[in-house]
Amino acid sequence: MRHLCYVLACLLLYISCDDGDIIITSFEFDEATLQLCRGAKENEFVFYKINSATEEAISYNFFSDTYVENAETPEPIVIDLADTEAPNQLIYRQFNTAITNGYFCNNIPDATITVTEELMSIAGTATIENTIVDEDDKDGVDLLLEGPNEIDPQDDPDLDGIPNYLDDAMADSSIGDENMSIEAGYDTDADGIPDFKDQDDDNDNILTSIELPNGDPNDDSFLDTDEDGIPNYKDDDDDGDGILTRNEDINGDGNPRNDDTDGDGIFNYLDDDDDGDGIPTIDDPDTVSTVQEPSAKNTVSTTYRTTLIITELLFSENSDDFTEDRFSFGFRDLVRDISN
């Protein structure tokens, strides 16, 4: 696949040699960021790239009632650039000065900016697709540790479109998510949220990110209070006293981190003798606990990637002499924190 800059360079070289009207510098499309703004009309969008150093820009204007920035497209959106009923054009422009995002995003362009050269598409096909390329709970645990045997839960080694955490046979493309459930080892608390998207992996009402540090700057291992080989962030009974961590929330406010019965500075959920009477909590008949439900709050950082591919492009200025089978306009990532 040739880059768009090469395509336009060849095109414009032809035009400039033909009549001398267009003089162009080298537009670095690969280095420019693909950006998006909404148009003035309903369901109107504009993708664009700007190179301020060379006072050039390329844009694609389109209408779609199915494209949403923060949602996957059920299927690729295919638009005919020659459709005159709903103008969808790819436009290359040179300006008399450097432009900013406002040129495309403001309803009224800056009157001091003049288009000195312009090329407009008259035919071609635009294919737009928005997919989720990454999801993460940002809990401080490396993605490879959010699955069994350091397997990336989002990877898809057999290329069947099913990520490992859902794939019944991750090395066999003929077998996908046949059991319609999360695979063993990817969901510690079995709450239906895989660990890499779960901010509280063990459902103990304490965020995983809080349960990680062990207090020793020279030791990067995760905290394991009861030394049972299960780090606290995956252990629903952190101190091994027989009472679930979330049930050591004596005042019932949903936060076990403000309950310290004996006032010794150690929260009950980390203290194997909650009342300090010398009798381990697990053996103490006077032990006090409550029954608390797991918190339903969870936030996942989701990255949506929009890609734009143009095929069979024709420009009006040399429609008899220039076609390009396929090129990528680039992609745009949008990160959103989604709570449930």
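Hydrogens, waters and symmetry mates play no part in the numbers below; they use all other heavy atoms, side chains included.
A donor-acceptor pair is defined here as one N or O able to donate and one able to accept, closer than 3.5 Å; such a pair exists between the side chain of Asn205 and the backbone of Ser295. Judged purely by atom type and a 3.5 angstrom limit, Glu211 has no side-chain atom pairing as donor or acceptor with the backbone of Leu223. Panel note: side chain Asp272, backbone Asp241; no donor-acceptor pair is recorded below 3.5 Å. A donor-acceptor pair is defined here as one N or O able to donate and one able to accept, closer than 3.5 Å; such a pair exists between the side chain of Lys49 and the backbone of Phe329. For the pair Asp187 (side chain) and Gly192 (backbone), a donor-acceptor distance under 3.5 Å is present. Put simply, the side chain of Asn268 gets close to the backbone of Thr261: a donor and an acceptor are under 3.5 Å apart.
For the residue pair Glu44 and Asn61, a side-chain donor N or O sits within less than 3.5 Å of a side-chain acceptor on the partner. If you check the side chains of Thr33 and Gln35, you find no donor sitting under 3.5 Å from an acceptor. Inspection of the Asn130 and Thr306 side chains reveals an N or O donor paired with an N or O acceptor under 3.5 Å. No side-chain donor-acceptor contact under 3.5 Å links Thr225 and Asp238.
Between Asp202 and Lys234 there is no salt bridge, since none of the side-chain N atoms of the basic residue sits less than 4.0 Å from a carboxylate O of the acidic one. Between Arg336 and Glu69 no salt bridge is recorded (no basic side-chain N to carboxylate O distance below 4.0 Å).
Screening Asn88, Leu34, Val46 for a side-chain contact (heavy atoms from CB on, under 4.5 Å) involving Tyr60 leaves a single residue, Asn88.
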Begin with the C-alpha distance, continue with both residues' side-chain angles, and end with the deciding distance and a verdict on side-chain hydrogen bond (donor to acceptor under 3.5 Å, both in side chains) for Asn251 and Asn258.
CA-CA 8 Å; Asn251 60 18; Asn258 58 16; 3.2 Å; yes

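Taken from CG in Asp201 to OG1 in Thr208, the straight-line distance is 3.5 Å, to the nearest 0.5 Å.
Taking the six-membered ring where the residue is Trp, Tyr48 and Phe104 present parallel rings, their angle staying beneath 30° rather than reaching 60°. Using cut-offs of 30° and 60° on the angle between ring planes, the pair Phe47 and Phe62 is parallel.
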